[in-house]
Novice: 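Pasting in a structure now, in structure tokens, and then I'll have a few things to ask.
Lettering of chains follows the sequences in order, A, B, ..., and the numbering in each one begins at 1.
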Amino acid sequence: MSNNSVTGAVLVAGGGIGGIQAALDLANSGYYVYMVEKSPSIGGVMAQLDKTFPTNDCSMCIMSPKLVEVGRHINIELITLAEIKDVRGEQGIFEVDVFQKARYVDMTKCIACGACAEKCPKKVDDLYNAGLAKRKAIYVPYPQAVPLKYAIDADNCIMLTKGKCGNCEKTCPAGAINYNDKDKNLTLKVGSIILAPGFNAYNPSGKAIYNYDASKDVVTSIEFERYLSASGPNQGHVTRPSDNSHPHKIAWLQCVGSRDINTCGNGYCSSVCCMYAIKQAIIAKEHDPSLECTIFYMDMRTHGKGFESCYNEAKEKHGIKFVKCKVHSIFTQEEKLNNEEKLDIESVEDKETVEDSGEKSAKKSKKESKNKNIKQYQVLNYFDEESGKVVNELYDIVVLSVGMEISSDTRELAHKIGIELTSGGFIKTSSFDPVATTKQGVYVCGAVQGPKDIPQSVVEAGGAAMRAGTALAPARNTLTKKTPERTEMDIKGERPRVGVFVCYCGSNIASVIDVAAVRDYAATLPYVEYVATNMYSCSQDAQDGIANIVKEKQLNRMIVAACSPRTHEPLFQETLLSAGINKYLFEMVNIRNHGSWVHKDYPLEATQKAKDLVRMAVAKSVQLEPLAEADLNIDQNVVVIGGGISGMTAAKSLADQGYKVNIIEQNTSLGGQAKNLYQTAGRAMIQEGLENLTSQITSHENITVFTGAEIEDVEGFVGNFKTTISSCCDSSATSKCGCSSGNCGDSSLNSDKDGVASGTNSKTIEHGVTIIATGASELKPTEYIYGQDKRIVTGIELDKMFINNDPALSAAKSAVFIQCVGSREPQRPYCSRICCSHSVLSALHLKEKNPDMNIFILYRDIRTYGEKELLYKEARDKGIIFIRYDLANKPEVSVGDGKLNIKVIDHVLKMPIVIEADLLTLASAVVPYKDEKLAQFFKVPLNEDGFFVEAHVKLAPSDFATDGVFLCGLAHYPKPIDESIAQAQAAASSALRLLSKKTIKTQGTIAEVNQTICSGCGVCVSVCPYNAPSLRVSNQNEGRPKPHEGKAEINPVLCKGCGACVSSCRSGALKLKGFDDGQLLAMIESAMNF
Amino acid sequence: MTTNLNQPDINKKQIDTINQQYTEKIREAAKRILLEKKADVVIGFKNGTEPMTTEPCLINKASDADKLIWNEHCCLNLANYVKGRKDKVAVIAKGCDSRNLVNHIIEHQIKRENLYIIGVPCNGMVDKSVNVKDSKVEAESDTMQENLDVFLTNRDMLQENCKTCIKRNPVIFDEMIAEPVKERVWTKEEKLKERFESVNKIEAMSESDRWSFFNDMLSSCTRCYACRNACPLCYCPTCFVDESRPQWVGKGVDPVDVRTYHFLRAFHLFHL
Amino acid sequence: MSEFEPKIITILCNWCTYGAADLAGVSRFQYPPNIRVIRVPCSGRVSPKMILSAFHNGADGIWISGCHPGDCHYITGNYYARRKFMLLKNFLEYNGIEQGRIHFSWISSAEGVKFAEVARDVVESVRKLGPAKYFIKKEFIDSNLCNCLNTDNNPDKNILEEQAA
């Protein structure tokens, strides 16, 4: 395969958050993307969620900007209602057969007014609401859907199934309905494929033990999520599904369809259920603080960033009860009750709790409840470990925390195109290439690779995009479309000439608002030169008409009174631009979503409101100015800080795409923590992998490595960083000195390197992007008499023994592991994520060395998430003994008579036992370096624990809020090698988005300082989260002071246009272009004055 | 322990002694600082031209140090004279002045390295409208310091802001000219009742009374901006009322414009 | 119009509450037509002068709404907004502005129902207070009145006449 023949396009299968991220990364770095989505719109499961853990962010709010970006992206082609049927060819030159179902609605015509659904007589279960509500046979899955176009559900449409009805066709004002639409078979030519089909939630139906089929009050977590959601079937009010009454007690049952080989054969852990159960319980409690929430769990697996503190808060602040117990079955208490009990239950309504219902209230309700229906309760019968008793408890609602499964369709497709699966049915990848399938050129991200949460899916999406793009690098920018360059007319000094276009939106606006009156009113306003109405302003012909009028009438401001700027502003801006007018000279008036739709019984008032809003928009628009989007060059060099696995992977990813990368490593050799590690959970030998990666790095023509290097200074910002380092050596490909001494003194070899000043030990590197991969280290324990006995080692020390094949290992007769050493303690509250899997794996290694060895793992919760659960199972099968301890009763380690004794209270016997060990491994915490200097240099934040804080915990896990700086590996949070590699690739992918553009455009709507007014107080500097403002400082080398020294200035590249600085400026020296004080005050004034 | 209501002069004497000591220390410090070139100028107080007044005094020669004085009329906030200077400045700072200095440092109006703070523990400034000799200063103790504490808590004599002072000692300084004085500890009740007495009074009013209260208070305002000039925190080169684009507050004496000026100026002082 | 119909200046952040208002529209949740929405990027963009200016111009009430604390599209903008507004509201009320004229809320883009509910609450609480009394600049109202009397069929005529009286 020659490089020139590869196809510069990628197919992304699945439009969930993983697919979306992968598509955006690729489309933004020079590849054309086909996004194939099974349903009528993208969004996946995340679109169904109410909130996201651990921060309880509104899921839709954080996701919808991404949905819109995909929908509008010029280089992403959405192919909805479609599935992959077959894949032919090989990496670089795939041909993919795609089957696309008919939509029966012309997407170019549909304006999503919803008139069709209103008239559609056929009600269908609404899958977006987990079947808890009804939708029509013609529908959009959810209001924020992308593409926001209706689709007909062919299986349920009366016209398509029975040939009669036709209501929607009659109603549609846009003529978009096409009953003759046909299914299509497409063949797409792509270079790489990313599979991101997501997961199916485990279906508990048919399993009598869950009582799911028998009672409405037993719901799955997805169903409960919809109940919690403000856009759900109950508008966010949680009621008992059986009778819509107010619930008092809700139970969550963990591990339904996960860690369960008896009822369903899903041996793996689904990784996310513990956290979402906590989240749901907290939200439910926020709705009603008197609610009793109990979570029944096997192990609480809160192993992610911020999870453990969320768990602690759930217990301490929200009063959520956690019971360690697998409830074996649920049944309904109802008919079987005798009369007395029945009345007890009845009185719950009055008395709030079951236990309190005394005789009196029973009698009282006896009279009242003669004709009342008897209530259902869910009985949970479980063994309470604390009291040692079997408890019978009644609940109003039971939520089954269902796990993740891969659909049979996905498995079949995998089989058909020759991709291997894991035993759990997920797509198989390897530790050192965690997003690559066994078929070259096909990559994965998200839950299809193993159960995982949103940030991990987003990380893998970045990784998959990186890997998918690398092979196609020669074809980058060959298939992508470019927005045509347009010339804008200079309107400076012109008197404002405003055009106002009022939209009927069929009858959507016109049925309530007197559109003609609004138009005529607009004509009376100052500076308005032209007014018109449109039936559908967004239709193609209306757009062309508007553009012509703008030219013809020489309008220099445009106002459209129609729907929401959130959905339509870019469209009309584009129209204005096509008429040669700067797109920032546009204002939109929302008279549909904020007018006719919400004031349908008040046509007069709605019309008056529309007039007011138009007047306000005119008042603002005359003050609008054309705004420029400046171009900024992106230096094409990269700096990666940290030469561990993450740093090297990130460096290699970008170097493979042709970028020059500098790795800055403070140690004298590459490798980081991996140098001391033995095996991954996927049983890959780490030393082999590391050696392989290191040799690729040191021999890579695009990579320069600085070892023994210290960062002295950093200047600049995205696109133009200058980093000064002091280094003993630049061990590039041509100068491998391996300088362990730290003073090789051979700097002459480095002079030919790009962007590297040489000759001295201090060098300044110019670079456009920075990746921080500084890692973390293992805590040196201060307890369990560590350091006092050779037999007591840490996890990493144990690995070193494995690497060196230490004879002490096979000689040991008894080995003990103590988990959570230094983690999940008040002074270090986070979970170190990797230690459970590591200890379980190490225990298995010990068993392999000596099958007769007695091995004990003393733990608090075993957190072998995902398919690592299978290791835990294997360990138990092999006789490794797990003893649970709690924080109040930690194990005690002592040495006496040369014997190493560990005393622990057995959780079953409730008695102390003493284990004599030949080897004690302390699973010690992963501690960050808390590098405040580095944080300062790149203006990036550290959290309380000392890890770097990403831009967004869910959707930007590898980015910083500061543009041009990216994050991966242990510096972000403890994680195993495969996750570190995926994140390194994701960070590289984020960096690539910038690098591949060569220039970035600044936003038009940004802040600007008037330095003559500025007092230099620096408040703007302190409020800005993006470090855009700074106080001017003279460069000492320049001699003369800068004009306006000490006054603020805004870096237009970093400014995101939020305006926080502007409103915080006491002297009014700051303005926000496009939302300036003058413009907003003009709106306020004109709202009240006419 | 004696109480002598008829001999307020005893206390006055003691205060004079303290003033004498402070003055000497200040002069000594000023001389030393100028000679050692720790600062180019020293900003302090000198006697005013009227009785019971002082004026800010800027000296740049050690020989002028004897102009500096200290007494219970040094009420001006010298932080106002420091901002915007390019040279190295030493400044006399009471507790309240020092808090303004902190604010100026934080908001980049003064560079800490250009500033030398001569801290003065403050015993409170006298309200000029009250005649010292007529007031009922009580001696509850024989020691000078304790007498001073009595003096300081005597609500009749002190300036309003000194009565509710919580930081008599400078919060930031390069040297102190005397041992810190005891800070008054406010119980929660005292805080609510005494410190916020004037606030509470207004809060207890009805909405319309509150509106009228401030209207009456501001009815005589001529927008001379002396308040703004005297204010140690008002340093904007252009005040919001002087903004012309957009000019959203009128510049005249329309009552709503006057009200807006005072309202937003106050808001700017405690928040952005 | 027999009852007093207040006019309420409403400033919404683009990412959350403006989205909630859009969603309320899509879902056809009805609320009274008394609010006049101004869209800003972030609630952190709203400065005190906008609130004062609204009163100057005779607004009967002001409602500002942004993302839930912690959900800000610009990371921390609404935290600044919250701090600023709480102080401003207290201070305005201390100055005599009636409780119930100034409203702040945090509504996510998924909370269409909440948007309509809060809109109703805001309108009702301002309606109860009657027309604005304080911080109004006379000249604006006078010019309103002139304009109004010169315009036929102006539905706001009655209100303004009431206010003038």
Novice: Got a second to check how far C:Phe85's CZ is from A:Ser1063's OG, nearest 0.5 Å?
Specialist: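 Separation between the atoms: 7.0 Å.
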Novice: With sequence neighbours left out, write down each residue that passes side chain to side chain donor-acceptor pair (under 3.5 Å) with A:Lys611, or none if nothing qualifies.
Specialist: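 A:Lys611: no side chain to side chain donor-acceptor pair (under 3.5 Å) contacts found.
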Novice: Considering non-hydrogen atoms only, spot the tightest contact between C:Gln30 and A:Asp601 and give its length.
Specialist: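 That closest heavy-atom pairing would be OE1-N, 4.3 Å.
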Novice: Donor-acceptor pairs under 3.5 angstrom involving side-chain atoms of residues 1020-1028 of chain A: please list them, not counting sequence neighbours.
Specialist:
{"from": "A:Ser1022", "atom 1": "OG", "to": "A:Val1019", "atom 2": "O", "distance (Å)": "2.9"}
{"from": "A:Asn1027", "atom 1": "ND2", "to": "A:Lys939", "atom 2": "O", "distance (Å)": "3.0"}
{"from": "A:Asn1027", "atom 1": "ND2", "to": "A:Thr962", "atom 2": "OG1", "distance (Å)": "3.3"}

Novice: Which pairs of donor and acceptor atoms, one on a side chain in residues 97-104 of chain C, lie under 3.5 Å apart (sequence neighbours left out)?
Specialist:
{"from": "C:Glu98", "atom 1": "OE1", "to": "C:Arg101", "atom 2": "NE", "distance (Å)": "3.1"}
{"from": "C:Glu98", "atom 1": "OE2", "to": "C:Arg101", "atom 2": "NH2", "distance (Å)": "3.1"}
{"from": "C:Arg101", "atom 1": "NH1", "to": "C:Asp60", "atom 2": "O", "distance (Å)": "2.9"}
{"from": "C:Arg101", "atom 1": "NH1", "to": "C:Gly130", "atom 2": "O", "distance (Å)": "2.9"}
{"from": "C:Arg101", "atom 1": "NH2", "to": "C:Gly130", "atom 2": "O", "distance (Å)": "3.0"}
{"from": "C:Arg101", "atom 1": "NH2", "to": "C:Pro131", "atom 2": "O", "distance (Å)": "3.0"}
{"from": "C:His103", "atom 1": "NE2", "to": "C:Gly100", "atom 2": "O", "distance (Å)": "2.7"}
{"from": "C:His103", "atom 1": "NE2", "to": "C:Ser125", "atom 2": "OG", "distance (Å)": "2.8"}

Novice: Are A:Asp1077 and C:Arg45 close enough for a salt bridge, meaning some N to O gap below 4.0 Å?
Specialist: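 Here A:Asp1077 pairs with C:Arg45 in a salt bridge, since their nearest N and O are under 4.0 Å apart.
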Novice: Let me confirm one number: the CG-OG distance from A:Asp50 to C:Ser108, rounded to the nearest 0.5 Å.
Specialist: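 Reported to 0.5 Å precision, the distance equals 8.0 Å.
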Novice: Give, as side chain, backbone, both or neither, the part of C:Ile9 having an atom under 4.5 angstrom from any heavy atom of chain A.
Specialist: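 Just the side chain, heavy atoms under 4.5 Å.
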Novice: Between the side chain of C:Lys7 and the main-chain N/O of A:Ala1087, is any donor-acceptor distance below 3.5 Å?
Specialist: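 Judged by distance alone, yes, a pair lies under 3.5 Å.
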Novice: Who in residues 110-121 of chain C is close to chain A, using a strict under-4.5 Å heavy-atom cut-off?
Specialist: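 Those residues of residues 110-121 of chain C which have a heavy atom under 4.5 Å from chain A are C:Ala110, C:Glu111, C:Val113.
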Novice: With no hydrogens and no angle check, is any side-chain donor or acceptor of A:His599 less than 3.5 Å from a backbone partner on C:Tyr31?
Specialist: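 Confirmed, A:His599 side chain pairs with C:Tyr31 backbone.
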Novice: Working to the nearest 0.5 angstrom, can you tell me the gap between C:Asp22 CG and A:Arg592 CZ?
Specialist: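 Rounded to the nearest 0.5 Å, the CG-CZ separation comes out at 8.5 Å.
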Novice: For the NZ atom of A:Lys620 and the CZ atom of C:Arg39, what is their distance to the nearest 0.5 Å?
Specialist: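 Output value for this atom pair is 7.0 Å.
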Novice: A:Glu605 side chain to C:Asn34 main-chain N or O, any donor-acceptor pair under 3.5 Å?
Specialist: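 The answer is no, because no donor-acceptor pair under 3.5 Å joins these two groups.
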Novice: Closest approach of C:Ile38 and A:Leu1080, non-hydrogen atoms and distance?
Specialist: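 Taking every non-hydrogen atom into account, CG2-CD2, 3.8 Å.
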